[in-house]
Trainee: 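My questions all concern the structure below.
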Amino acid sequence: PTNEAEVEVFSVPSYACQRRTTLENRNTVLTDALSLLAENAELSAEEGRGVAFRRAAAVLKVLPEPVTDMTQLRGLPCLGEHSLRVIKDILENGASSEVESTKQSERFKALKVLTGIFGVGAKTADRWIREGIHDLQQLKDSRPTLNRAQRAGLEHYDDINQPVSKAEADAIGQVVEEAVAAVLPGAQVTLIGGFRRGKLSGHDVDFLITHPEEGREVGLMPKIVSWLESQGFLLYQKTTRNSYLESEDGPARPCSNMDRFERCFSVFKLSEDEKRRAGQTQSRHASAEDGGRKLWRAVRVDLVVSPISQFAFALLGWTGSKLFERELRRWAGHEKTMSLSSHALYDGTQRTYLRATSEEEIFAHLGLDYIPPSERNA
Ligand code: CTP
Ligand code: MN
Ligand code: MN
Ligand code: MN
């Protein structure tokens, strides 16, 4: 930071993957506002605008002080005209009129409520809104055709929209460990996603599973799912098979964020028993007061299985944040002529795949300083 006219002027590199973004954020008022506009853009199929707001918010997240004056933002990357206008509005008036009117808008409120149903994306929500459906009651009354995921999503709506705590994530981790140990001893479970970045709550819990011997992980997911189902832990699951073949698929496609691992999107039934066994809640016995009280909650859980040869890429690709991942791929493509996915890193200049057994090696291949998970909260 250099001194200029007595306000602190900040200097920030332009890619989020060049920066250390912890959970400590001195500018939450500004970043919440920009994130809301990003969310609104994403829900309105304006992905480009969404990314622009996300990038702007991410820059503010790394500033060491609260922004108090527009002159402090001079020379910062990723702050477009629109984001600057929003920031200026908040600094001058305490709030952004655009953010406030978005929050109040019937369309935004309806999009939020309807996409809060697991299995419902922006497209489906938009179609329902055009049919005059704005809330869950109207949706139920209209007797829509729902797929299996959406039916589970509607049934467990309140639970799924309640944040998952770290304690709950750990309790689910113990169940997943138990499942994996039962069906393939020696297989390893790693917590990924937001909880690996040190977040204290999340919208779901994500796990990556591998085995130190290449090939032993083949067909593992259905076995894990069967075990979990037999123990009554799954309210919903959809498993998709691994479809990645380096030879057939060629280089990791630079702008693709889809991966082809064996994976499972699920809704877990987490009971007080598991939380207690994980040592998270006070030991207590069922009593008369429990009559009618629900002793479990539904939690969204994502499971991914990767072969050990791709583990480092999967770990890096599934730890997030989503913007950090996007920026890594943009850096690889635009600055290094490389192509990064959750499976591989392809060097377009040398026309070869670059191997890695750790995240550190991947950052080194990319010519980036290593950023630990807790500093990937862009
Ligand atoms: N991811 C992915 N493909 C998907 C969904 C997610 O590669 N279809 C990756 C994301 O890029 C992210 C990670 O999986 O790196 C976790 O995604 P998600 O659970 O959606 O977000 P979190 O960062 O874990 O945040 P939250 O606490 O809200 O769950
Ligand atoms: Mn997650
Ligand atoms: Mn997830
Ligand atoms: Mn691109």
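No experiment lies behind these values; they were computed from the predicted model shown. Computed from heavy atoms alone, side chains included, the values below leave out hydrogens, waters and symmetry copies. Both counts, for ligands and for their atoms, begin at 1 and track the order of listing. Residues: numbered from 1 along the sequence shown.
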Trainee: Given Leu63, which partner from the list Asn25, Thr31, Leu76, Leu30 fulfils the side chain to side chain contact (heavy atoms under 4.5 Å, CB included) test?
Mentor: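 For Leu63, the side chain to side chain contact (heavy atoms under 4.5 Å, CB included) test succeeds with only one of Asn25, Thr31, Leu76, Leu30, which is Leu76.
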
Trainee: Mark up the atoms of ligand 1 that fall under 4.0 Å of a heavy atom belonging to Asp206, in ascending order.
Mentor: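 So the atoms of ligand 1 that pass are 19 (O), 24 (O).
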
Trainee: Which of the numbered atoms in ligand 1 are below 4.0 angstrom from a heavy atom of Arg197?
Mentor: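 Those atoms are 23 (O).
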
Trainee: For Gly202, counting its heavy atoms only, list the atoms of ligand 1 lying under 4.0 Å from any of them.
Mentor: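 In order of numbering, the contacting atoms are 27 (O).
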
Trainee: Any ion pair linking Arg351 and Asp347 (charged N to carboxylate O, less than 4.0 Å)?
Mentor: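 Judged by the 4.0 Å cut-off on N to carboxylate O distance, Asp347 and Arg351 do not form a salt bridge.
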
Trainee: Would you find a donor on one side and an acceptor on the other, under 3.5 Å apart, between the side chain of Glu375 and the backbone of Thr22?
Mentor: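 Between the backbone of Thr22 and the side chain of Glu375 there is no qualifying donor-acceptor contact (under 3.5 Å).
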
Trainee: With respect to atom 21 (O) of ligand 1, which of Arg326, Arg196, Lys322 exhibits the smallest heavy-atom separation?
Mentor: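 The residue whose heavy atom sits nearest atom 21 (O) of ligand 1 is Lys322.
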
Trainee: Would you please determine whether Ser342 falls within less than 4.0 Å of ligand 1 on a heavy-atom basis?
Mentor: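 In this structure, Ser342 fails to qualify as a contact of ligand 1 - no heavy atom is under 4.0 Å.
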
Trainee: Flag the pair Asp126 and Arg130 as a salt bridge only when some basic side-chain nitrogen lies within less than 4.0 angstrom of an acidic carboxylate oxygen.
Mentor: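 Judged by the 4.0 Å cut-off on N to carboxylate O distance, Asp126 and Arg130 do form a salt bridge.
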
Trainee: Short list, please: which atoms of ligand 1 are under 4.0 Å from a heavy atom of Lys199?
Mentor: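 Counting atoms of ligand 1 from 1, those under 4.0 Å from Lys199 are 25 (O), 26 (P), 27 (O), 28 (O).
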
Trainee: With a 4.0 Å cut-off, would you call Glu327 and Arg19 a salt bridge?
Mentor: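 No, no charged N to carboxylate O under 4.0 Å.
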
Trainee: Taking Leu114's backbone N and O only, do any of them form a donor-acceptor pair with His134's side chain (distance below 3.5 Å, no angle check)?
Mentor: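 It does not hold such a pair.
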
Trainee: Given Phe265, Phe195, Trp318, Phe261, identify the one with the heavy atom nearest to atom 13 (C) of ligand 1.
Mentor: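 Heavy atom nearest to atom 13 (C) of ligand 1 belongs to Trp318.
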
Trainee: Quick check on contacts: which atoms of ligand 1 are under 4.0 angstrom from a heavy atom of Glu325?
Mentor: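 Near Glu325, meaning under 4.0 Å from one of its heavy atoms, ligand 1 has 11 (O), 15 (O).
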
Trainee: Please identify which of these residues, Phe311, Phe261, Tyr353, Trp318, meets the ring-ring contact (aromatic ring centres under 6.0 Å, His included) condition with His343.
Mentor: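 Exactly one candidate clears the test, Phe261.
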
Trainee: Any side-chain donor paired with an acceptor under 3.5 Å for Asp89 and Ser97?
Mentor: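 Yes - a donor-acceptor pair under 3.5 Å links their side chains.
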
Trainee: Do Glu272 and Trp296 pass the side chain to side chain contact (heavy atoms under 4.5 Å, CB included) test, and can you show the C-alpha distance, the side-chain angles, and the key distance before you say yes or no?
Mentor: CA-CA 6 Å; Glu272 303 278 337; Trp296 57 272; over 6 Å; no

Trainee: Please determine if His203 has a nitrogen or oxygen closer than 3.5 Å to a nitrogen or oxygen of ligand 1.
Mentor: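 Such a contact does occur with ligand 1.
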
Trainee: Listing by chain and number, what protein N/O/S atoms are under 2.8 Å from the Mn ion (ligand 3)?
Mentor: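 As for protein N, O or S atoms lying under 2.8 Å from the Mn ion (ligand 3), they are Asp204 OD2, Asp206 OD1, Asp302 OD2.
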
Trainee: Taking 4.0 angstrom as the limit and counting only heavy atoms of Gly194, give me the atoms of ligand 1 inside it, by number and element.
Mentor: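 The atoms of ligand 1 under 4.0 Å from a heavy atom of Gly194 are 22 (P), 23 (O), 24 (O).
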
Trainee: Sequence neighbours excluded, which residues qualify as salt bridge (Lys or Arg N to Asp or Glu O under 4.0 Å) partners of Arg216?
Mentor: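 Salt bridge (Lys or Arg N to Asp or Glu O under 4.0 Å) check on Arg216 returns Glu213.
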
Trainee: Which ligand 1 atoms, with their elements, are less than 4.0 angstrom from a heavy-atom of Arg263?
Mentor: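 In order of number, 4 (C), 8 (N).
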
Trainee: Should you measure from each heavy atom of Asp204, which atoms of ligand 1 turn up under 4.0 Å away?
Mentor: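 Answer, ordered by atom number: 19 (O), 29 (O).
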
Trainee: Please determine if Lys223 forms a cation-pi arrangement with Trp227, meaning its NZ or CZ atom is less than 6.0 Å from the six-membered ring centre and no more than 45° off the ring axis.
Mentor: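 No, a cation-pi geometry is absent between Lys223 and Trp227.
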
Trainee: Going by atom types alone, do Glu361 and Thr357 pair a side-chain donor with an acceptor below 3.5 Å?
Mentor: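 A pair is found: one side chain offers a donor N or O, the other an acceptor, under 3.5 Å apart.
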
